[in-house]
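All figures in this text were calculated on a predicted structure; none of them were measured in a lab. Residue numbers begin at 1 in each chain, while the letters A, B, ... track the order of the sequences.
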Amino acid sequence: MYKTKTCGELTALDAGKTVTLAGWVHRRRDHGGLIFIDLRDRFGLTQIVFNPQTAPDAHRVGSEARNEYVLQVTGQVEKRPAGQENPNLATGEIEVYVTEARILNAAKTPPFVINKNEDVDETLRLTYRYLDLRRERLQQNLALRHRVIKFMRDWLDARGFIEIETPMITASTPEGARDYLVPSRMQPGKFYALPQSPQQFKQLLMVAGYERYFQIARCMRDEDLRADRQPEFTQLDLEMAFVEQEDVLNLVEALFTDLIHALAPERKMETPWPRLTFDEAMAHYGSDKPDLRFGMRLTDVSDLAAQSQFAVFKNALAAGGQVKGIRIPSCAEYSRRELDALIDLVKSKGAKGAVTIALKADGAHSSASKHMPASEQQAYIERLDGQTGDLLLFVADSARVVAEALGALRKEMGARLKLADVNALAFAWVIDFPMFEWNADEKRWDAAHHPFTSPKPSDMPLLDSDPGAVRANSYDMVCNGYELASGSIRIHSRELQAKIFSLLKIDAARQQARFGHMLEAFEFGAPPHGGMAPGIDRFVAILCGEDNIRDVIAFPKNQQAQDLMMHAPSEVDADQLRLLHLQIAPPPAQSKI
RNA sequence: GGGGGCGUGGUGUAGUUGGCCUAACACGCGGCCCUGUCAAGGCCGAGAACGCGGGUUCGAAACCCGUCGCUCCCGCCA
């Protein structure tokens with residue numbers, strides 16, 4: 001071993017001991033005579049002292065050392081002189097008087113500062129990821145990520161779950177997200193796909209009788225990236241047999257509340273978690289993953305608007321739509337330009353516009369004052385409990401457009417006004433999702449969750465008459481405006497599964513080709529089962545206070561899905577292509593003029 | 001595919017109603033001084049023609065056009 005102690009463990013109790021430390025030069029303070037170096041390893045910082053009088057050879061090494069040099073030093077631990085203790089350092093009671101020192105490796109001046117948590121251009125950070133990972137912020141994030149995963153494993157293990165690995169190269173399932181494909185060498189012209197999730201495998205494990213499965217599972221989806229979306233990400237994938245929705249919810253809620261209490265006890269969390277139906281979430285927050293750290297709920301004023309002569313409101317209601325408003329505190333003095341920006345936001349979500357009422361000190365100023373009398377405006381103001389200084393904003397349209405427009409506005413204004421308590425973890429369950437969504441382009445129903453999700457038994461009769469009204473046994477776990485997990489009780493009957501596939505316009509031949517193994521498995525004694533899959537990256541990001549999952553992933557991709565350090569993706573040799581029976585098509589003509 | 005933001009020495013920023021900018025500040029870097037600092041301190045010094053290309057102008061980091069890169073968002077993510 002190069003060291004007998006770490007840089008994070010020495011205390012006054014170690015005074016007098018001779019120790020050997022090894023680590024990086026975090027910071028050097030050269031007084032001409034004495035040199036102090038904060039030596040860093042993963043476990044902490046220890047101040048080491050070089051004295052030219054007592055150890056001239058070691059001192060020479062100390063004066064050569066620069067930031068990020070790798071050093072090995074031997075010396076005696078001593079309590080620091082009275083008054084020289086550093087209370088900011090775990091090892092601040094002591095220092096090590098170096099008698100022997102050795103440079104294990106020199107270091108070029110790094111392209112950005114390691115010993116400060118300063119914002120650096122992300123391209124540079126990702127190019128030199130191994131240096132960024134040296135910095136305190138990422139070290140802490142990855143350490144917390146480790147503890148989260150360890151807690152999950154231990155907790156589930158204690159409750160009879162077993163972790164089972166499933167294949168990373170498997171069959172393509174084009175019904176879902178875009179697949180990452182892997183060409184087959186042995187089977188010319190055929191491809192594996194990287195899993196979008198272990199969905200089918202975990203259900204087949206239930207058929208196989210494992211009853212309680214989990215996996216820290218990597219999932220890959222070839223879709224465009226976002227702050228909370230990477231092409232590969234990690235889920236706590238879990239599945240249980242002989243359970244109903246209530247069992248899954250209770251288990252996962254217990255896991256996460258225990259985890260928070262153990263690893264982040266300072267965070268504020270309401271328990272038990274609130275439960276909202278999908279309809280309630282959309283009606284009150286305009287989102288199926290509402291940020292419940294603040295209110296600013298949507299208020300229905302359709303009944304009041306029914307009396308209105310204002311054509312926009314009348315027409316929306318006549319078309320079966322609704323009129324809803326939102327109260328934005330302390331924005332009454334927004335300029336025309338700022339109001340226009342908000343209206344552009346709701347328009348981007350499909351609304352045709354918005355009516356504003358600004359409650360200024362000298363009275364209400366509405367963008368629709370020509371079209372509605374003061375008494376009507378007053379009714380809206382009272383319904384929304386408007387106070388002087390507030391800005392009220394109304395959208396009239398179909399329920400879906402109203403929800404999406406005002407939901408986007410609520411999210412934007414919540415962020416802008418910093419309404420959310422950064423210390424809070426506002427978990428909630430969203431349940432009773434619709435089973436299907438209408439796909440207008442393809443003129444058919446799509447599975448809202450996935451095609452293995454079971455419908456609510458009570459809604460079963462609606463499958464034939466009104467698929468859009470069928471609710472599913474599916475549920476999402478949301479926190480602070482993020483969808484952290486979704487899951488469902490699955491179908492375990494061959495007949496029902498085939499019926500659902502048919503409703504999704506997957507014909508019998510295709511069912512057999514794509515999902516024949518699932519249908520057949522259900523004929524061999526498939527137990528009732530269900531599960532869910534919390535996203536580890538998003539959850540850890542929230543715990544770390546990061547708004548980007550790249551900061552909780554050791555080696556993430558940039559928004560172009562490139563690894564700037566590894567230079568992936570990259571071209572490959574012609575030989576490799578030939579073995580895989582592949583040819584690169586000429587790039588698309590870029591003639592645009 | 002679309003929309004917004006950003007792009008100035010190694011890093012982070014300032015400068016952006018065009019001229020006082022042959023570019024400023026902090027950190028870092030190099031040298032010298034200094035035996036108690038811990039964001040050590042003091043002195044000296046090197047280092048960017050302002051992403052790239054074109055244009056407007058007597059004059060552009062700053063204005064215009066194009067382009068590239070990064071990022072946030074929409075679409076997309078069963």
Less than 4.0 Å between a side-chain N and a carboxylate O, is that true for [Y] and [X]?
X: A:R226; Y: A:D224; answer: no
X: A:E118; Y: A:K116; answer: yes
X: A:R29; Y: A:D38; answer: yes
X: A:E412; Y: A:R416; answer: yes
X: A:D551; Y: A:R137; answer: yes
X: A:R494; Y: A:E520; answer: no
X: A:E95; Y: A:K79; answer: no

Establish, from distance only, whether the side-chain atoms of A:N439 and A:D446 form a donor-acceptor pair under 3.5 Å.
->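 Side chains of A:N439 and A:D446: pair found under 3.5 Å.
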Donor-acceptor pair between A:Y213 and A:D237 side chains, under 3.5 angstrom:
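Yes, side-chain donor-acceptor contact under 3.5 Å.
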Can you tell me whether the side chain of [X] and the base of [N] have a donor-acceptor pair closer than 3.5 Å?
X: A:E95; N: B:G36; answer: yes
X: A:D121; N: B:G12; answer: no
X: A:N558; N: B:C70; answer: no
X: A:Y128; N: B:G10; answer: no
X: A:R80; N: B:C38; answer: yes
X: A:R226; N: B:G75; answer: yes
X: A:R229; N: B:C76; answer: yes

Nearest-Å distance once atom [atom1] is located in both [N] and [M]:
N: B:C74; M: B:U13; atom1: C1'; answer: 31 Å
N: B:C33; M: B:A24; atom1: P; answer: 29 Å
N: B:U22; M: B:U17; atom1: C1'; answer: 24 Å
N: B:G66; M: B:A26; atom1: C1'; answer: 36 Å
N: B:A49; M: B:U8; atom1: P; answer: 12 Å
N: B:G53; M: B:G47; atom1: P; answer: 22 Å
N: B:C27; M: B:G19; atom1: P; answer: 29 Å

Students often get this wrong, so: under 4.0 angstrom with heavy atoms, is [X] touching a base, only sugar-phosphate, or nothing?
X: A:Q196; answer: nothing
X: A:P81; answer: base
X: A:D38; answer: sugar-phosphate
X: A:Y97; answer: base
X: A:N86; answer: base
X: A:G176; answer: base
X: A:V113; answer: nothing
X: A:Q562; answer: sugar-phosphate

Rounded distance in Å - [atom1] ([X]) to [atom2] ([N]):
X: A:M220; N: B:A78; atom1: CE; atom2: P; value: 16 Å
X: A:F50; N: B:C34; atom1: CZ; atom2: C1'; value: 18 Å
X: A:L124; N: B:G9; atom1: CG; atom2: P; value: 12 Å
X: A:Q559; N: B:G4; atom1: CD; atom2: P; value: 15 Å
X: A:D476; N: B:C77; atom1: CG; atom2: P; value: 16 Å
X: A:N117; N: B:C27; atom1: CG; atom2: C1'; value: 14 Å
X: A:L45; N: B:A39; atom1: CG; atom2: C1'; value: 13 Å
X: A:D344; N: B:G5; atom1: CG; atom2: P; value: 13 Å

Side-chain N or O of [X] closer than 4.0 Å to phosphate OP1/OP2 of [N]:
X: A:Q560; N: B:U71; value: yes
X: A:N548; N: B:C72; value: yes
X: A:R178; N: B:A78; value: no
X: A:N115; N: B:C38; value: no
X: A:R29; N: B:A40; value: yes

Nearest-neighbour nucleotide for the [X] side chain, [options] considered:
X: A:R550; options: B:U11, B:C38, B:C72; result: B:C72
X: A:E223; options: B:C76, B:A78, B:G75; result: B:C76
X: A:F112; options: B:U11, B:G75, B:A78; result: B:U11
X: A:Q47; options: B:A78, B:A39, B:U37; result: B:U37

Inset, instruction - Identify, between A:S348 and A:K116, the residue whose nearest nucleotide on RNA chain B lies closer to the 5' end. - result: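 Mapping each residue to its closest nucleotide by heavy atoms, the 5'-most match is A:K116.
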**Prompt:** With a centroid cutoff of 5.5 Å and a plane-angle limit of 30°, would you call A:F36 stacked on B:U37?
**Reply:**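 Here the ring of A:F36 and the base of B:U37 are stacked, with centres under 5.5 Å and planes under 30°.
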What do you reckon, do A:H449 and the base of B:A78 stack, with centroid distance below 5.5 Å and planes below 30°?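 A stacking contact does not exist, since A:H449 is not both close and nearly parallel to the base ring of B:A78.
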Dot-bracket assigned to RNA chain B with the 3.5 Å Watson-Crick/G-U criterion, [ ] for crossing and | for other-strand pairs, is ((((((((.[[[[.)...(....]]]].(((((.......))))).....[[[[[..)....]]]]])))))))....
Measure the acute angle between the ring planes of A:H529 and A:F522, then classify it against the limits of 30° and 60° as parallel, tilted or perpendicular.
->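 Tilted, since the angle between the ring planes falls between 30° and 60°.
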